[in-house]
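Have a look at the structure below, then the notes.
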Amino acid sequence: MKKIATITSVLCIMFSLNVFGEDATGAQEVKSRVQFPSKEIIVKDNREQPGTVSVISEKQVKNSTATNLVDVINEHVPSFYSGNNRVMGFGVASSGSAKMSVRGMGVSGWGPTTGMPMLINGLDTTTSIMGHPVADIFAMKNIDRIEVLHGPQPVLYGSGAMGGIVNVITRRQETEGFSTEMSGSYGSFNSTDDYVVHQGKTGILDYGVSYNFQRSDGHRSQRTLDGFRLTSDYYNHNGTFRFGLALGDFWYAGFNGYVMKQKISDPGMEYRYYKFTNPTALNNSLKDLETFNILRHGYSVNLMNRYDKFEGMVHLYVNLGVHDAEKTAQNMDSYHQDDVMYGAKATETARLFPGSKITAGIEAKRWGGSAKFPDNTTIPFLRDAGNYYVKNKFITNASVFAMADQKILDYVLISGGVRYTDDSKSGGIVSWQAGVVFYPLAAFADPDISDMKIHAGIARGFKLPDLRQLYLFGPYPVRYPNPYLSPETDLTVEYGIEQSFFNRVTLAVTGYRVFSENMFVPYGAYPNNYWINNYQRVVYDGVESSLKLNVHEFVNVRAGYSYIDNDYRGKRLVFVPRHRVTAGVVFEGYDALLALEGEGVRGVYNDTAAAQKLSDYTVFNLRAAYTILEHVKVFANFYNITDRRYQAFWGYPMPGFHMLGGVTAMF
């Protein structure tokens with residue numbers, strides 16, 4: 001605890017210098033009524049970031065055919081991957097398809113995404129019991145930008161940030177006035193994606209609110225089993241809000257939140273895609289299919305400051321949810337979960353010398369909850385425990401961290417930091433990262449020539465075990481918990497180069513090697529004896545590259561490629577493609593938009609033993625839009641235009657050609 005006390009003292013001194021030590025000259029250099037633009041951003045300048053960063057703009061989000069932000073990220077980040085099995089929505093549990101990863105990190109053994117936190121305005125959306133974000137939260141349309149930091153980010157973000165960080169920043173009004181945007185749509189399978197966004201600013205107050213409604217019958221044919229209807233229906237209500245108040249010239253207070261309410265049904269596997277020996281075996285499996293009702297919401301209060309030499313934030317947050325499931329064909333409630341995570345984080349950054357930046361911070365959080373079988377049960381261990389899989393189980397931890405950057409003569413940037421975490425279950429954990437950036441052409445005055453960045457870095461990230469893995473007894477797929485799990489760690493080494501030419505071409509290539517220790521993988525024979533254990537060591541390599549080309553004033557082209565050596569000791573990294581190619585061409589001019597997007601995937605496996613290889617596929621989507629009367633846009637999205645048949649999740653066929661069209665009005 002001496003380490004925590006030492007860094008806490010440093011942080012308090014920095015806050016004191018901020019409030020009382022800012023000299024008059026420095027204060028005068030800051031303009032009156034600071035606007036705090038995009039206050040929750042992580043990346044202020046890509047060139048100052050030691051590693052690889054992808055920033056997806058509001059315009060790129062709007063030009064996409066995607067109805068959710070996960071698929072938008074999929075389009076723009078080649079080393080990011082998330083399978084899908086629906087027209088709309090992702091779902092959770094055994095049929096949940098959003099098993100997201102960056103550079104092969106994120107999904108370990110069986111399970112959803114547990115190695116890549118997803119934030120909304122800096123608020124972590126991870127579920128406290130299952131330890132993963134719910135992808136269907138990210139359907140909002142009021143997007144300012146999306147930041148994706150590739151590779152481990154353990155110092156500033158702690159546990160789970162092994163694959164990287166996704167930070168979704170919602171819009172707010174930064175100039176006086178008000179604006180509203182509304183959209184309605186309809187398409188194949190009775191699908192709709194409708195939303196309204198409103199934002200405003202008056203004096204020292206600014207705000208932004210949004211509501212999004214999605215529904216679809218799904219592309220899977222309805223089936224009847226024992227008199228009950230099995231469907232692929234999907235409903236999603238999504239809302240966000242943010243309010244800000246300028247407190248003088250140098251302080252700002254913000255209140256942010258999100259709410260997501262969804263209902264999603266699991267239609268089950270299709271016989272022709274699975275290895276059942278007869279239809280009776282398939283029907284037996286269908287009896288356990290579930291419909292999920294999920295409510296998730298989160299809130300944060302932020303107090304921010306920005307001076308000439310200091311800037312920082314105090315971040316108070318809570319993220320909670322209620323998950324209910326019922327077995328559709330048995331008309332029986334099967335699962336209920338209440339979980340909560342809350343905490344506080346404070347950071348302060350000082351720029352005391354030319355080219356320097358020192359950040360120090362503290363964070364404390366607590367997470368957990370209860371999960372139970374809602375109805376009477378004959379399962380002995382559940383009956384004896386009052387139907388609880390886990391009851392009022394919580395984990396707490398506290399962290400201190402510090403990060404320092406120093407730029408030398410405009411040619412070199414050196415960065416390094418360390419974090420110490422004291423966890424109530426796993427004890428003390430030290431994580432760290434370091435990097436260096438070279439600007440070999442900085443001497444050239446012409447930015448078209450000098451804009452070269454050569455970077456290298458090394459980081460040790462970690463992932464604490466989830467309550468599901470440690471304590472949850474019974475539900476799919478883990479029959480037995482493992483309270484002796486050690487934290488998963490990885491050491492990542494990366495090196496890359498980025499270069500822009502004449503404001504028209506940007507090329508980036510990054511190679512990396514991952515040394516993973518104690519990876520969480522499934523052991524035992526399902527379904528009778530099955531648990532999560534630590535796999536001792538996994539080593540693999542990867543390369544990712546991207547190209548952006550401004551062909552003409554109206555035409556832009558992008559392309560990306562990712563290679564990941566997903567084979568280790570005869571086993572596979574699950575839901576990690578060996579090869580992935582992304583591409584897009586956008587024409588935008590004369591009030592018209594035409595965008596063609598493509599994705600090619602090869603070598604994805606459903607399990608570590610490589611017994612179930614998913615389809616290799618190439619899919620193209622098309623978006624056409626036209627603006628009339630300046631404020632009204634009509635659009636049509638065409639998906640899988642070549643009608644490719646494939647599966648990106650075992651036993652669940654993807655939809656063929658389908659479409660969605662609508663109208664958007666702005667005023």
Side-chain angles (χ1 to χ4, degrees), residues 56-72 74-76 86-89 138-146 170-171 177-199 208-219 234-240 551-558 583-599 619-643 655-667:
I56 305 170
S57 68
E58 174 191 7
K59 184 176 181 180
Q60 290 173 314
V61 173
K62 287 191 170 183
N63 287 350
S64 171
T65 61
T67 57
N68 61 80
L69 301 183
V70 172
D71 283 340
V72 173
N74 228 0
E75 294 169 359
H76 290 269
R86 304 170 187 269
V87 171
M88 193 175 287
F138 299 90
M140 65 282 290
K141 300 299 188 293
N142 57 327
I143 302 304
D144 179 83
R145 60 193 272 170
I146 304 171
T170 59
R171 289 206 313 261
F178 306 90
S179 63
T180 302
E181 181 176 328
M182 303 178 66
S183 182
S185 62
Y186 183 78
S188 305
F189 313 110
N190 288 321
S191 301
T192 186
D193 182 20
D194 310 323
Y195 67 88
V196 57
V197 175
H198 176 70
Q199 53 195 35
V209 295
S210 74
Y211 169 72
N212 181 213
F213 173 69
Q214 296 179 325
R215 75 163 304 278
S216 177
D217 290 343
H219 69 289
Y234 173 72
Y235 296 85
N236 188 314
H237 301 271
N238 183 292
T240 67
V551 178
H552 184 270
E553 178 184 359
F554 303 131
V555 181
N556 290 282
V557 177
R558 60 172 174 80
V585 180
V586 177
F587 169 86
E588 189 172 14
Y590 303 103
D591 296 324
L593 168 74
L594 192 64
L596 178 65
E597 302 158 352
E599 177 190 21
V619 176
F620 296 95
N621 301 324
L622 178 67
R623 178 177 176 86
Y626 187 77
T627 301
I628 57 178
L629 303 176
E630 295 186 9
H631 302 294
V632 178
K633 178 183 293 184
V634 294
F635 65 89
N637 298 336
F638 304 93
Y639 303 95
N640 194 0
I641 59 177
T642 61
D643 200 27
F657 172 77
H658 58 290
M659 63 176 294
L660 182 76
V663 179
T664 300
M666 296 152 283
F667 50 90

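None of these values were measured; they are calculated from a predicted model.
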Could you please spell out the steps behind the side-chain contact (heavy atoms from CB on, under 4.5 Å) verdict for Thr192 and Leu660? CA-CA 7 Å; Thr192 186; Leu660 182 76; 5.5 Å; no
Asn640 side chain to Val619 main-chain N or O, any donor-acceptor pair under 3.5 Å? no
Is there side-chain contact between Phe138 and Ile146, with heavy atoms separated by less than 4.5 Å? no
Minimum side-chain heavy-atom gap Lys141-Asp193 below 4.5 Å: yes
Is the Phe213 ring parallel, tilted or perpendicular to the His237 ring (thresholds 30°, 60°)? tilted
Out of curiosity, Thr240 OG1 to Tyr211 OH, how far, rounded to the nearest 0.5 Å? 12.5 Å
Where the side chain of Gln60 meets the backbone of His76, is there a donor-acceptor pair that is under 3.5 Å apart? no
Is there a side-chain contact between Met182 and Phe667, using heavy atoms and a 4.5 Å cut-off? yes
Please report the interatomic distance CG(Asn63) to CD(Glu58), rounded to the nearest 0.5 Å. 10.0 Å
Closest heavy-atom contact between Asp643 and Gly656? OD1-CA, 3.2 Å
So, do Arg623 and Leu593 sit near enough that their side-chain heavy atoms are less than 4.5 Å apart? yes
Working to the nearest 0.5 Å, report the span between CD1 of Ile143 and OG of Ser64. 12.0 Å
Using 30° and 60° as the class boundaries, would you call the ring planes of Phe189 and His658 parallel, tilted or perpendicular? tilted
Between Glu75 and Ile56, is any pair of side-chain heavy atoms under 4.5 Å apart? no
Starting at OG1 of Thr642, measure out to CZ of Phe657 and round the result to the nearest 0.5 Å. 10.5 Å
Could you state the interatomic distance from CG (Asn142) to NE2 (His198), rounded to the nearest 0.5 Å? 12.5 Å
So which heavy atom on Asn212 is nearest to which on Tyr195, and how close? ND2-CB, 3.6 Å
With the side chain counted from C-beta on, respond yes when Val196 and Thr180 share a heavy-atom pair under 4.5 Å apart, and no when they do not. yes
Note: Lys59-Glu588 ion pair, threshold 4.0 Å (strictly below): yes
pair Phe635-Ser185: side-chain heavy atoms closer than 4.5 Å: yes
Could you tell me whether a side-chain N or O of Tyr639 sits under 3.5 Å from a main-chain N or O of Thr65, the two making a donor and an acceptor? yes
Restricting to non-hydrogen atoms, name the atom on Val586 and the atom on Ala595 that form the minimum distance, rounded to 0.1 Å. CG2-CB, 4.0 Å
What do you reckon, is CE of Met666 surrounded by more than 12 foreign heavy atoms closer than 6.0 Å? yes
Mind checking whether Tyr590 and Phe587 have parallel, tilted or perpendicular rings, split at 30° and 60°? parallel
Exercise: identify the closest heavy-atom pair between Phe620 and Gly598: CD2-CA, 3.8 Å
Do Lys633 and Lys62 have side chains that approach each other closer than 4.5 Å (heavy atoms only, starting at C-beta)? no
How long is the gap from CZ on Arg171 to OG on Ser179, to the nearest 0.5 Å? 6.5 Å
Please give me the minimum heavy-atom distance between Asp194 and Gly184, naming the atom from each residue. OD1-CA, 3.2 Å
Could you tell me which non-hydrogen atom of Ser191 sits nearest to which non-hydrogen atom of Met88, and how far apart they are? CB-CE, 4.1 Å
